[in-house]
Amino acid sequence: MLERIEEIRVEGSAAIEAAAGTAELEELRVRYLGRKAELTAILRGIAELPAEERGKVGGSANKVRKELEALLESRAEILDASELESQLAEDRVDVTLPGAPARPVGHIHLITRTTRQIEDVMVGLGYRVMEGPEVEHDYYNFTALNHPPGHPARMLQDTFYVQSDPEVLLRTHTSPVQIRSMEAQSPPIFMIAPGKVYRRDSDATHSPMFHQVEGLAIGEGITLADLQGTLDEMLRAIFGAGRKARMRPHFFPFTEPSVEFDVSCFQCEGTGTLVDGARCNLCKGIGWIEVGGAGMVDPNVLGFVESNGYDPERVQGFAFGMGVERIAMLRHGVPDLRRFFDNDVRVLEQFA
Amino acid sequence: MRVPYSWLREYCDPGIEPGELAERLAMTGTEVERVGTVGPPSAEGFVVGKVLSAEPHPNADRLRVCAVDTGDGERTIVCGAANVAAGQTVPVALPGATLPGGHKIGKAKLRGVESAGMICAATELELGEGPAGILVLEGDGLVAGTPLAEVLPIAESVLELEVTPNRVDCFGVYGVAREVHAISDAPLSAEPWVEDAAAAGEGEVGDYASVTVEAPELCPRFTARVFTGVRIAPSPAWLQARLTAAGQRPINNVVDITNYVMLLTAQPLHAFDLDKVPDGALTVRTAADGEKMKTLDDVERTFDAETVLVCDRNGPSGIAGIMGGQTSEVSDETTSVLLEVATWNGTNILRTSRMLSLRSEASSRFEKQLHPELCGRAQRIASRLIIELCGAELVPGTIDVAAEIPEPRQLRLRGERVEGLLGMAIEQADQRAYLGRLGFTAEPTGDDLEVTVPPDRHYDIAREVDLIEEVGRIHGLDEHLPSTLPSVAGRVGGLTPEQRLRRRTEDALRDLGFDEVVGWSFTDPAEPGRLRISADDPRADGVALSNPLSEDQSVMRTTLLGSLLDVAQRNLARGADRVALFESGRVYLTTPPTGLQADPESAFTPVGALCGDFVGDRAAPAIEPHRIGCLAVGPLAAKSWRGGGEPADFFALKGTLEGVAGLLGLELSVEPAEEPFLHPGRSAHVSVAGEPAGWIGELHLLVCRAWDLEAAVAFEVDLAALIAASPAGEETFEDVATFPAVYQDLAVVVPTEIAAARLREAVLAAGGGLLHAAEVFDVYEGEQLGEGRKSLAMQLEFRAADRTLTDDEVLAQRAAIEAELSKIGGSLRA
């Protein structure tokens, strides 16, 4: 019996050393150590042996079993490694072929992007974003904004009217949202209203459809100086640190006092002159670029929403408005307003 | 408003260059569009000359050889004008001078005679029409060699002001001078209308003329004066020069005077040839509807019942405040003049001028509402000039039909309100000074001022706040206003959940490879037809404009599809080989679509603005749902050596839509349905939480052809419907980690017509609470299944929140699913 165990050891060791692949090794494992293997049978039959042989045979068989297991394991490691190596060699690819094309990433339109930028700035200053209809009542677009019927200021904006109702028009500015918002919310109110507006005018600097952002701040003791500070903050956020707002008195029916506001030129740092001494082409040498209109909300306008808490003797505040396209044109050098609605993908894709 | 600088300086000389004044005006509320020059670019080289002799040219019949004294001696100048003669005093351009238009004068030989300069005509100096030939100056007291600029306004700077509609006073040169005085504190000359003319004519004005005003509410004041012995002639050079520089064409002395006085005072005037007004009787009345008249510009105009006319016995002779007629126009034969200076109702003038599409210098002033007080001013100045320049006599008396002249307006300006509104303090003494310079009187009462408004500003300055603007702007905003932020407490900024989800949706489509476009809101009324939308479909009934710029922009869009197709077509025509576009924008409907109402149970109650439910007391006139539209032509990703590059089809875009829905935490229901513009077999309606949300499909071939496309696939969904159903932001935790799920595959053979969605619904219904998900991952049709059958493979996910499922539990559910499937003709695949 002990000789047989020794024979198994010699035979098995040799076979394992000679095994050429992991599959063959698995066969050897079954043959020498499996359930039907001779060594397994010997170990299983130990109990039936005479008591004096049990120790010797058991010890010897277990030793051989462990030896073969160890051999199998070390042989398997060697074979695994070499097989993996040849497998990897076979898997080699031509890394110089082009990569799989990524699905193209799209682009947000420059108008949306600019609008969002303004929204984010104003949200940071504590404003909410309100929306109103584009097909609007004359009342909100003109009358409640202190443009009574027959007022010359109505002539300033050429208006599209709706066929079915002469009192309905396409809003000429986002200002109607001021009135709607004040009807819905008592003071204090801090809101902006972005959106499409329409004027009957079409050339390189006028589009019959364009976008504005309106701002409104009403509460107790809000002053023209607060408008200056708000415009300073807003224009810095849009056009970069170091910019300043400049207000020039103007006339709008729905604000009193009224101003137009400019930003100090971000190309020439407000000097009107470029580094090389040439006249700045962006601000035309003035040092300032017109951005929009603003002012203290006219008491007559507040009078239209007085029942909702807008007593002009108690609350006051400012409103401002500006063209989104104009800001985008200034910031990104777009030469012609009409390019925005042409939607040429070669242009759209310039703005990530 | 064109303001010649020399004219302005006659009343107020700020002592600065016109460019600098323009800047100061801009910073105080009067924008200057540009500072132009009338006449030669520079006055250099232009002098007064005396013609000593004028002899015929030896070699040319029409030329004269003149000896001219130009102060620096005698020089020879060859002149082509027929009217040149010895003894004249004339303007001379010396060699080196530059004419308007840039021509530089040099020494030149003309037909063999050397000419050292040029004798100028009025037109050559842009000084007006002048008589034919050279300009002859009134020579008395003029010394040869005097710079011409001292005699005539040559090289005149002209400020082109953009006067805001509230500042009708600045439509007159004196009003501008007052404004310049206010902002510069340079002295202002006395008002030019104080002194009246002496009336030396015979009789009394009532002997010559009469005026009846039948519409006093539309004609608050009508004044008239009569002049006899009028001699019509060209105006003198200075008057022609001023009018020309101000942009008016000189006509004759009387007409020029009316224009001059208007430019000076802002009050328009009208001169009648009195002999052509039967009995001198004028009536102001409203027109009969359809009444006609030929205006001075030789156009026949038709009026309505709100048009105000100035009529004589024979009918209309002028449109009040807008334009005169031809019947009583002043001509060379005129000897008697009736001068009308009236006040009209501004609103009515604006209305009529728009109705007739006829604007004039007069109407652009009247429409802003002039004060009746201005009539007298204009009559006084014009009378003096007509007497002086036309040799006329003023008949004593003024016809003055005045309804009522408003009392001067009194306002209180509270000191604390000035600082309270502006956020900067202005000393009371300064406030008084500013208002005084602007023509107001301001008397202190404690911290306040009692202010009287001058007639020029009566309609503009009606409230305390208007005065605050005046003192603020003159004080200087740019210099003095601090930069502060509102100190109001309780401000909370932020986007609403809907606004955030809209951005999320737009960003998702961008990340999925789509370019955002911004399409026109208006479209062609023929567009629904091109989309095969029938006339009775509500989408063919858009909001129509009554005054569109063009027919193809005359109706508001009812779908985003049209503008997406337009953009695709344009880009493909420019050489793009594929486009993937989306738009996030509104459509404009006249009838409400179904399924747009926000779900009241939803966490998002105010989806408001997205479905056109805007804040405000009055509902929006149209319905304006916010839509997301998406269109793809060609592949979504490029073809490569590994394959790909298939044109986007129904499933490509459905995947995109599902991707967006997934981001919003939504499960969409997509059911076969037809739309006129979609391929009938590859189109569907999309709904979410049982509410209709939009459509998706491959475009109908006929629609593709109408936009020159081979194939395209699109969807359009209502953002409000998606967002109302979205749990985004309100999700609750679900435990998926504590107990493991059991995954099983299920292959089912069903009749081909059973939709995958039906099968999945049946499986989910039968799976009970333990079946967590069931997704189709393979579809197979083949011979061994037999005709009319298909196999769908699904992966099932079973799980329970509180335990690990046993094999028996899963088997029981699976058996229930099999039983349910057999009811709809399905069987497990062997």
Side-chain angles (χ1 to χ4, degrees), chain A residues 97-98 100-101 103-109 111-112 123 126-129 131-135 137 150 152-153 160-163 168 180-181 183-184 188 190 196 200 202 208-209 217 219 222-226 228-230 232 246-251 256-257 296 299 316 340-341 343 345 348, chain B residues 26-29 164-166 347 350-351 367-368 421-424 465-466 469 472-473 477-478 481-486 488 491 493-495 499 510 513-518 520-521 543-547 549 567 571 576 579 588 609 614-618 620-622 624 636-638 640 642:
Chain A
L97 281 169
R103 185 145 162 183
V105 170
H107 302 79
I108 293 292
H109 197 285
I111 290 176
T112 305
V123 161
Y127 289 65
R128 290 181 195 273
V129 180
E131 291 163 62
E134 293 164 28
V135 181
H137 298 285
F160 287 111
Y161 286 90
V162 164
Q163 245 173 37
V168 174
R180 288 182 168 276
S181 301
E183 284 177 347
F190 291 82
K196 283 182 180 167
R200 216 175 160 284
S202 184
M209 176 184 86
I222 296 178
T223 65
L224 192 68
D226 292 335
Q228 172 78 51
T230 302
D232 278 335
R246 178 177 85 164
M247 301 202 293
R248 285 176 286 110
H250 197 69
F251 168 76
E256 186 81 20
M296 298 300 288
Q316 61 188 40
F340 289 108
F341 309 112
N343 294 300
V345 293
L348 298 177
Chain B
M27 291 311 296
T28 48
T164 53
N166 59 323
T347 306
L350 178 68
R351 190 211 66 88
E367 73 188 21
K368 297 174 180 80
L421 193 71
L422 298 177
M424 65 175 172
V465 66
D466 302 323
E469 173 170 52
R473 73 184 181 86
L477 301 184
D478 195 39
L481 195 65
S483 175
T484 54
L485 285 174
V488 174
R491 269 190 285 166
L495 297 178
Q499 287 163 345
R510 173 198 62 196
F514 291 79
D515 287 331
E516 190 196 6
V517 302
V518 175
W520 292 102
S521 301
V543 176
L545 303 182
S546 55
N547 57 341
L549 278 175
V567 173
N571 278 290
V579 290
Y588 311 85
F614 299 107
V615 297
D617 293 345
R618 300 179 192 205
E624 303 182 18
L636 292 182
S640 80
R642 287 153 57 94

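Because only heavy atoms are used, hydrogens play no part in the values below, and waters and symmetry mates are left out as well, while side chains stay in. Chain letters run A, B, ... following the sequence lines, proteins first and then strands; every chain starts at 1. Computed from a prediction, not measured in an experiment: that's the story for all the values here.
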Under a 3.5 Å distance rule, please check whether [X] uses its side chain to pair with a backbone N or O of [Y] as donor and acceptor.
X      : Y      : answer
B:N571 : A:V345 : yes
A:R180 : B:R618 : yes
A:R200 : B:N547 : yes
B:Q499 : A:V129 : yes
B:E516 : A:H109 : yes

Report which part of [X] has an atom under 4.5 Å of a heavy atom belonging to chain B: side chain, backbone, both, or neither.
X      : value
A:L348 : side chain
A:P299 : both
A:F190 : side chain
A:V162 : both
A:M247 : both

Answer whether the closest heavy-atom distance between the side chains of [X] and [Y] falls below 4.5 Å.
X      : Y      : answer
A:T230 : B:L485 : yes
A:Q228 : B:P482 : no
B:T164 : A:H250 : yes

For the student: nearest non-hydrogen atoms of [X] and [Y], plus distance:
X      : Y      : value
A:A100 : B:R642 : CB-NE, 3.5 Å
B:S483 : A:G229 : OG-CA, 3.1 Å
B:L477 : A:P249 : CD1-CG, 4.1 Å
A:P257 : B:E469 : CA-OE2, 3.3 Å
A:A184 : B:V615 : CB-CB, 3.7 Å

As an exercise: rank [options] by heavy-atom pairs under 4.5 Å with chain B and give me the winner.
options                        : value
A:P104, A:S202, A:S181, A:P188 : A:P104
A:L97, A:V168, A:I108          : A:I108
A:R248, A:M209, A:K196, A:M296 : A:M209
A:P208, A:G126, A:P133         : A:P133
A:V123, A:I222, A:D226         : A:D226

For [X], which atoms come within 4.5 Å of any heavy atom of chain A: side chain, backbone, both, or neither?
X      : answer
B:R351 : neither
B:F514 : both
B:M424 : neither
B:V465 : both
B:V543 : side chain
B:T28  : backbone

How many angstroms lie between atom [atom1] of [X] and atom [atom2] of [Y], to the nearest 0.5 angstrom?
X      : Y      : atom1 : atom2 : answer
A:E134 : B:F614 : CD    : CZ    : 7.5 Å
B:L421 : A:T223 : CG    : OG1   : 8.0 Å
B:D466 : A:E256 : CG    : CD    : 4.0 Å
A:F251 : B:N166 : CZ    : CG    : 4.5 Å

As an exercise: rank [options] by heavy-atom pairs under 4.5 Å with chain A and give me the winner.
options                        : value
B:A26, B:G29, B:A622           : B:G29
B:A637, B:P621, B:S640         : B:P621
B:V488, B:D478, B:L422, B:V567 : B:L422

